[in-house]
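The figures here come from the full heavy-atom set of this structure, side chains too, leaving out hydrogens, waters and symmetry mates. The sequence lines fix the lettering, A, B, ..., with proteins before strands; numbering per chain opens at 1.
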Protein chains: 2
Amino acid sequence: MVTIKEVAKLAGCSVATVSRVINNNGYVKAQTKTQIERAIHELNYQPNEAARTLYKRKSKMIGLLLPDISNPFFTLIARGVEDIALAHGFQVLIGNSDNDVDKAKDYLSTFNAYNCVGVIATAFADDQIEKLLVSQGIHYVFVDRVKDEGNGISMNHFEGGQLQARLVLEGKPKNILILHLDLNIEAFKLRIDGIKQELNNYDVSYYDCSAETLKNKSAFISLVKDLHIDSIICSNDVLAIETMGLIQQFQLKVPEDIQIVGYDNIPFSAMTFPQIATIDQSAYFLGQQAVSILLKLNKNCVVNQQDNTLKLSTKRRGSIRFE
Amino acid sequence: MVTIKEVAKLAGCSVATVSRVINNNGYVKAQTKTQIERAIHELNYQPNEAARTLYKRKSKMIGLLLPDISNPFFTLIARGVEDIALAHGFQVLIGNSDNDVDKAKDYLSTFNAYNCVGVIATAFADDQIEKLLVSQGIHYVFVDRVKDEGNGISMNHFEGGQLQARLVLEGKPKNILILHLDLNIEAFKLRIDGIKQELNNYDVSYYDCSAETLKNKSAFISLVKDLHIDSIICSNDVLAIETMGLIQQFQLKVPEDIQIVGYDNIPFSAMTFPQIATIDQSAYFLGQQAVSILLKLNKNCVVNQQDNTLKLSTKRRGSIRFE
DNA sequence: CTGAAAGCGCTTACAG
DNA sequence: CTGAAAGCGCTTACAG
């Protein structure tokens, strides 16, 4: 490994001067600078980030903690984070929490041990995580912050649920099934609240059941038939796609017999037939935004509140019976 | 930030002794050890990885360079890498190359600057990348190594192509369309070679065209109709899903009118209706395997050749007209 | 079994 | 404009 010492030797100057040109700070005579640059190039020198980090007590890494990168919604966030981090010269250290608080804590400690500039994560129901972050003085941005307080990008899941409900309402539903994932995750819980509040304004029946039900395919289909379900609202697109595949497999037509609504607008939701109607959260943008906020926090800049709320948009697509 | 010095002070010993108990090497009296452990716990001390890295000239990070984590196939690899890395106490630094050699080089340099133990990447057509890695003495594992030489997990794309061809042959095809992604990527090229070699044994016609064609939907459908296409073989599952959605949108039946075969066996390929017949490459396992090999290389262990070839398996599913 | 000291490769006051 | 020196927080010979 080539070190700054060797560069200094070749350029005939001190390491301090080399450091000055690398970091482009302090005065350096033009000629000296040229010599140093030549030496750097000749030796193919690259500064050791560990040494820099040690001195500065901050690396140029961002810790990214997501529940599971396998879900395309989180993948999109990751990609957004990655791209904008790269543009600012930052690297991304990644972790999957699987919604496990202990795993999350471990990753957070590790990110800290590596002197990350900060952490981008999904909000946890359990506020231990946030306390840990605050107590350690780690900068953080929660990408799906629900409340107004604290740093993070807030997404209005309640409103998102209402939008989902309105989408199925266009298709004149009678019996609606709300198919949900883990309700300990506040986002899912809030969406259901929004759905129900909206549905209560109309003369429709609704039922809810856990996605676990899908595991027994025929039992699920029986349930759907017994309840005369004509519309299904899902916690996210992955679940919606899975549900639609299952329904079609049992010869039911989407949207004629049953309409389906998802959430997230992952790319695959637009590739199925019919396409899945959904609520867009602009995940990629969310990831990008999170990095911007984190970087601002790091410079002690004021974070503009209006940048911090993500707008939702409705994607009307073939899986619903709209006019 | 709590340092080893503070721990030593509280425990009433030297930093050397604290270091010994942290790293669990060298003799330490049981009583001293207990005191140190108590101090560590009390102060909630965690070693600074930057300092360790600087001394050891190696961090506990693995650089992972994939074309694009948005493709679920790569996401699965990433998840496999992540999980097994975590189990061994390693972290993952991630990068998306978008198949751009310059971007790849930049990431590789950065991974090196952070003193990563090694790099896991997809093989590049351009051998500059490998040369760079070798010249810098960086350990690496290519996860889709084609040839026998070099470190990496080899996948037989040619054979995979043959398997794809056999899958459509079960459905008595007459006119087959091979829909491919960038042929500069050797994996795709080899699969096509495999497909063609297999098809040549039978009395069928085949055509190939780039996935770009899909962009103009109606032009694509016209092409399909004009050529009387009854089977489509795609470079990967994402493309297969997209193609199937498009075909269905134009009232064509899968598999009755047109059968479709993908590649990768991403989770979504089993969620559509009909499910996409495909070739499984066990991406998650691939990621895990890559980490194992990298860690072995790092200990100068001999890497067992038989661990390095990934077996393919055929997934017969509803998108083909098998009996 | 333990500690003092050197050193990993940088950056930044400080002095000139 | 430039250099000598201190120091970031660790680990590991070395000496005892």
Side-chain angles (χ1 to χ4, degrees), chain A residues 1-37 39-40 43-61 89 109-117 136-137, chain B residues 1-37 39-40 43-61 89 109-117 136-137:
Chain A
M1 167 179 252
V2 183
T3 69
I4 198 172
K5 237 173 174 169
E6 300 168 53
V7 175
K9 196 172 165 192
L10 183 62
C13 67
S14 76
V15 297
T17 310
V18 177
S19 178
R20 282 188 196 100
V21 344
I22 297 168
N23 297 293
N24 197 28
N25 67 18
Y27 301 92
V28 180
K29 209 203 300 177
Q31 193 198 335
T32 318
K33 193 174 172 185
T34 313
Q35 280 169 31
I36 291 173
E37 278 165 347
I40 287 174
L43 296 173
N44 193 21
Y45 168 72
Q46 200 182 14
N48 183 332
E49 289 297 334
R52 290 177 146 178
T53 300
L54 180 58
Y55 185 87
K56 300 218 172 197
R57 257 89 114 247
K58 274 283 157 266
S59 70
K60 297 207 77 178
M61 296 192 291
S109 302
T110 309
F111 292 164
N112 201 28
Y114 278 96
N115 307 277
C116 287
V117 278
Q136 306 228 27
Chain B
M1 167 180 252
V2 183
T3 69
I4 197 172
K5 235 171 172 169
E6 299 168 54
V7 176
K9 196 172 165 192
L10 183 62
C13 66
S14 74
V15 297
T17 310
V18 176
S19 178
R20 282 187 196 101
V21 345
I22 296 167
N23 297 292
N24 198 29
N25 66 18
Y27 301 94
V28 181
K29 208 205 299 176
Q31 195 198 334
T32 316
K33 191 173 172 185
T34 312
Q35 279 171 32
I36 292 173
E37 278 164 347
I40 287 174
L43 297 172
N44 194 20
Y45 167 71
Q46 200 181 14
N48 183 332
E49 289 296 335
R52 289 178 149 178
T53 300
L54 180 57
Y55 185 87
K56 299 216 172 197
R57 259 88 115 249
K58 275 283 157 265
S59 71
K60 298 207 77 178
M61 295 192 291
S109 302
T110 309
F111 291 164
N112 200 29
Y114 278 97
N115 306 277
C116 286
V117 278
Q136 306 227 25

Between C1' on C:dG3 and NZ on B:Lys29, what's the gap in Å once rounded to a whole number?
14 Å

side-chain contact (heavy atoms from CB on, under 4.5 Å) filter on A:Lys29, not counting sequence neighbours, yields A:Gln31, A:Thr32

Can you name the salt bridge (Lys or Arg N to Asp or Glu O under 4.0 Å) partners of A:Arg52, sequence neighbours left out?
A:Glu49

Both distances under 3.5 Å, Watson-Crick or G-U wobble: on that basis, could you give the dot-bracket string for DNA chain C, with [ ] for crossing pairs and | for other-strand partners?
|||.||||||||.|||

Verify the neighbour count for atom NZ of B:Lys58: are there more than 12 heavy atoms of other residues, nucleotides or ligands below 6.0 Å?
yes

With a cut-off of 3.5 Å and sequence neighbours excluded, list every side-chain donor-acceptor pair involving residues 7-19 of chain B.
unit_1	atom_1	unit_2	atom_2	d
B:Ser14	OG	B:Ala16	N	3.3
B:Ser14	OG	B:Thr17	N	3.4
B:Ser14	OG	B:Thr17	OG1	3.2
B:Ser19	OG	B:Asn23	ND2	3.3

Is there side-chain contact between A:Asn115 and A:Leu54, with at least one heavy-atom pair below 4.5 Å?
no

Check whether any side-chain heavy atom of B:Thr3 sits under 4.5 Å from a side-chain heavy atom of B:Asn48, and report yes or no.
no

I'd like to compare against my own output: the B/S/- annotation of nucleotides 8-16 of chain D with a strict under-4.0 Å heavy-atom distance to protein.
BBSBBB---

Checking A:Lys33 now: which residues fulfil side-chain contact (heavy atoms from CB on, under 4.5 Å) with it, not counting sequence neighbours?
A:Val21, A:Asn24, A:Val28, A:Glu37

Counting distance only, does the side-chain N/O of A:Ser59 pair as donor-acceptor with the main-chain N or O of A:Tyr114 below 3.5 Å?
yes

Hey, does the side chain of B:Thr32 come within less than 4.0 Å of C:dC1's phosphate (OP1/OP2), counting only N and O?
no

